[in-house]
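A short worksheet on the structure shown next.
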Amino acid sequence: MQHLTSQNFSTETTRGPLPVVVMFYAVWCGKCAMMKPIVEDIEKKYRGRIKFCEVEIDECPLLTADYDADTVPTFVFFRNGQFLGSMQGIIDEDVFERRLQKIFRNS
């Protein structure tokens with residue numbers, strides 16, 4: 001997953017042809033640590049079709065506030081620079097993948 005900051009967030013979520021998933025996480029968050037390998041597995045399946053990025057909430061408090069990501073992990077979805085929605089918490093890999101397909105299919 002590409003690490004995003006306040007400086008590159010806008011560029012990385014708006015440029016390029018691929019839809020984008022951003023995981024807002026915290027290094028101290030156990031739930032985030034549980035979700036990271038799941039997201040990395042899904043990222044491998046969708047390499048070249050969906051771009052996966054991460055934002056550490058303590059490094060980027062303004063982005064965290066902008067996307068209501070104070071509960072971590074929070075996943076935010078973009079296509080063509082447009083915010084499509086978000087989901088939070090621990091999500092089973094199959095459920096995550098189905099939601100991902102639905103969000104990007106319907107956009």
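Position 1 is the first residue of the sequence; numbering continues from there.
A donor-acceptor pair under 3.5 Å is formed between the side chain of R79 and the backbone N or O of F104.
Rounding to the nearest 0.5 Å places CD1 of I103 at 10.5 Å from CZ of R105. Taken to the nearest 0.5 Å, the CE atom of M35 stands 11.0 Å off from the OG1 atom of T74. Once rounded to the nearest 0.5 Å, the distance linking CG of L63 with CZ of F24 reads 5.5 Å. Summarising the geometry, atom CZ belonging to F77 is positioned 12.5 Å from atom NZ belonging to K102; distances are rounded to the nearest 0.5 Å. Here the CD-CE distance, from E56 to M23, works out to 10.5 Å after rounding to the nearest 0.5 Å. For the atom pair OH of Y67 and CD1 of I57, the computed distance is 16.0 Å after rounding to the nearest 0.5 Å.
Annotation: side chain of N8 is in contact with side chain of Q2 (closest heavy-atom distance under 4.5 Å).
Neither L4 nor L62 shares a network with the other; the hydrophobic side chains, linked directly or stepwise wherever heavy atoms of I, L, V, M, F, W or Y lie under 4.5 Å apart, form separate groups for each. Side-chain heavy atoms closer than 4.5 Å link hydrophobic residues (I, L, V, M, F, W, Y) into clusters, and following such links, even through other members, never connects L18 to F52. Both V76 and I50 are assigned to one and the same hydrophobic cluster, defined by single-linkage of ILVMFWY side chains at heavy-atom distances under 4.5 Å.
Heavy atoms of other residues, nucleotides or ligands lying less than 6.0 angstrom from CD of Q82 number 12 at most.
Among the candidates K45, K36, R98, the single residue satisfying the salt bridge (Lys or Arg N to Asp or Glu O under 4.0 Å) test with E93 is K45.
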